[in-house]
Amino acid sequence: MENTNTIEMHHIDKTFGHDTSKIQVLKDIEFTAQRGEMSLVIGPSGSGKSTFLTIAGGLQTPTAGEVRVEDTPLTAIPVKKRDALRLNKIGFILQAYNLVPFLTVREQFRFVDRIKGATHMTEDELMALLDDLGIRDLINKYPSELSGGQTQRVAIARALYPNPEIVLADEPTAALDSERVTVVGELLRDLAKKHNKSIIVVTHDMRLKQFADHIYEILDGNMRQAS
Amino acid sequence: MYLAWKEIKHEKLRYGLIIGMILLISYLVYILSGLAFGLAQQNTEAIDSWGAQSVILDKDANTSLQQSMLTKSQTDKMTLTKQESYVGQSAIVAKEANHAKVSAQFIGLDWDQFIGKKLVLTSGHKPTKANQVVVDDGFKTSNYKLGDTIKFNSNADTYKIVGFTHNAKIDIAPVVYGDLSTWRTLKKLPDTFVASGVISQNAQYKPGVDQLKNYSVAAFINKLPGYSAQNMTFTFMIAFLMIISLVVIAVFLYILTIQKIPNYAVLRAQGVPSRVLVSNTINQALLLVFGGLALGVGLTALTAALLPAGVPIAFNWPILAVVTVGILLTGVIGALIPVKLILKVDPVSVIA
Ligand SMILES: Nc1ncnc2c1ncn2[C@@H]1O[C@H](COP(=O)(O)OP(=O)(O)O)[C@@H](O)[C@H]1O
Ligand SMILES: [Mg+2]
């Protein structure tokens, strides 16, 4: 039978600092994400959600444990391979929105094409995506000219643009009103259902619960499945 | 190049200032080296224009044309070819009733020898009589013109300017070309003296007289009064200027790169390879330095064209090339000093 696991995490520990200032942020995390499903990880601020997500995507390494992305063990491969994996398989929607400050919205997408040496969407497809997110009119603006909610939606479009197999989203709806939350929630769910992607969202926004296939809770570094 | 260019376009003020700084520094280096080289040339312009290879002087004259004198009994033993020319040098003060006095160098010639024959005039004609002279263009800045009659030192004899020549300076003073007999008059010498020395276009020319010696032009020029001291001062001045300028440019580009680290962290988080960031850094440094240098060269050319004729400025292409390549290289090196930081940029650092 085909392995439908996209991300597997086993016995993940993460500690920061040394000696007396040492804090353990993640404790023995077990987590699996599957193709065609959207997983939601919920927890209060400071519970370790961002740390969990960046470890899942190979942006930082765990203190102990194993992360596999599409069966490739992240900790065992060289940095270059990890970069390539991130560039080709994973779309990050980060809390800090990760837009390049000196590129316009349009150029953010063009730049992805340049780095990967391919055009990922036709102009019509791109416009349709931007329309869904209500940011079509912002195409020629710089990130500094956008509101928090607009920036967040551009960051979402930017992450989805290269059509990644796995989408990792950190508080993607933090700055959005309820109407936009529904749009983003439906967009992410459709990606999982219609396009067979694997979606992992960490958030403290309970409004996203209705869109998820699996919900996990993270508290004091421990993770448990809520439903 | 895409990122490098977009970033410059987006932050015009910041990058404009950096280009402006490189422009000013390269302008400073170009102009100062041009002025130093121009002044150095005024020591030797006339000698350079003769195309001399060697100078024959009295061996006890300390390699100085001014101090040397050849007697008739010596010159009778020498055989001069088409490549040799007598020269009689004397420092003078030239004056004319209506114009300012000019400190000049009198060069007495036999007008049938090669220096006289080859002399290129910018206006007028060569002397046909002993009381006619050709003077350097430098006299024009004191408003001397063709047909003016001038006196030398305290002598009562008058001489008429019949021609002007360009780039004729020796010991940083304009040259007055005249007759060897005038040289004798100025030096108050009897007919038994012929000239100060012999200029030859043949490096191997042998005078065949024990008291006379053949000096290479390089050795002769180095012994010109103040020449090597002056050149050493300028060389050190420009070397220090270069070193400090290069450090300043390197520091600026270093700071520029450091300021970019957060942006690079964003790009790294997206999976953009470090290699792209490093080449972006190099490309941008090259763009900025090229831009600054190009404008610096333009401004230097403009300045050189607009400077009054009396200001000596001359450009030595090998030196300029070294300066230019030096600035380009240090720009790139400065931008790349933090390359370790670029390679180690932590994408997590931008994640809240
Ligand atoms: N690089 C780090 N160094 C030290 N402590 C960190 C670092 N990153 C995160 N932490 C700590 O780990 C805990 C969890 O952080 P984070 O994963 O950002 O939580 P969340 O995203 O749920 O708000 C916090 O207490 C935070 O201070
Ligand atoms: Mg967080």
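So that the names make sense, note that chain A is the first sequence line, chain B the second, and so on, each numbered from 1.
The shortest heavy-atom contact between A:Leu59 and B:Ala269 is CD2-CA, 3.9 Å. For A:Val100 against B:Leu267, the heavy-atom pair with the smallest separation is CG2-CD2, 3.5 Å.
Judged by distance alone, the side chain of B:Arg268 and the main-chain N or O of A:Asp83 form no donor-acceptor pair under 3.5 Å.
Proximity to chain A is absent for every atom of B:Glu11, based on heavy atoms less than 4.5 angstrom apart.
B:His10 NE2 to A:Glu107 CD: the interatomic distance, rounded to the nearest 0.5 Å, is 9.5 Å.
Using a 4.5 Å heavy-atom cutoff, the side chains of A:Phe102 and B:Leu3 are in contact. In this structure the side chain of A:Arg110 reaches within 4.5 angstrom of the side chain of B:Tyr2, judged on heavy atoms.
Listed by sequence position, A:Arg114, A:Ile115 are the residues of residues 112-119 of chain A in contact with chain B, using a 4.5 angstrom heavy-atom cutoff.
Residue-environment remark: NZ (B:Lys140) exceeds the threshold of 12 foreign heavy atoms within 6.0 Å. By the neighbour-count criterion of 12 heavy atoms within 6.0 Å, atom CZ of B:Arg275 is sparsely surrounded, having that number or fewer from other residues, nucleotides or ligands. By the neighbour-count criterion of 12 heavy atoms within 6.0 Å, atom CZ of B:Phe290 is sparsely surrounded, having that number or fewer from other residues, nucleotides or ligands. Counted within 6.0 Å of CZ on B:Phe252, heavy atoms from surrounding residues, nucleotides or ligands total 12 or fewer; the atom is thus considered open.
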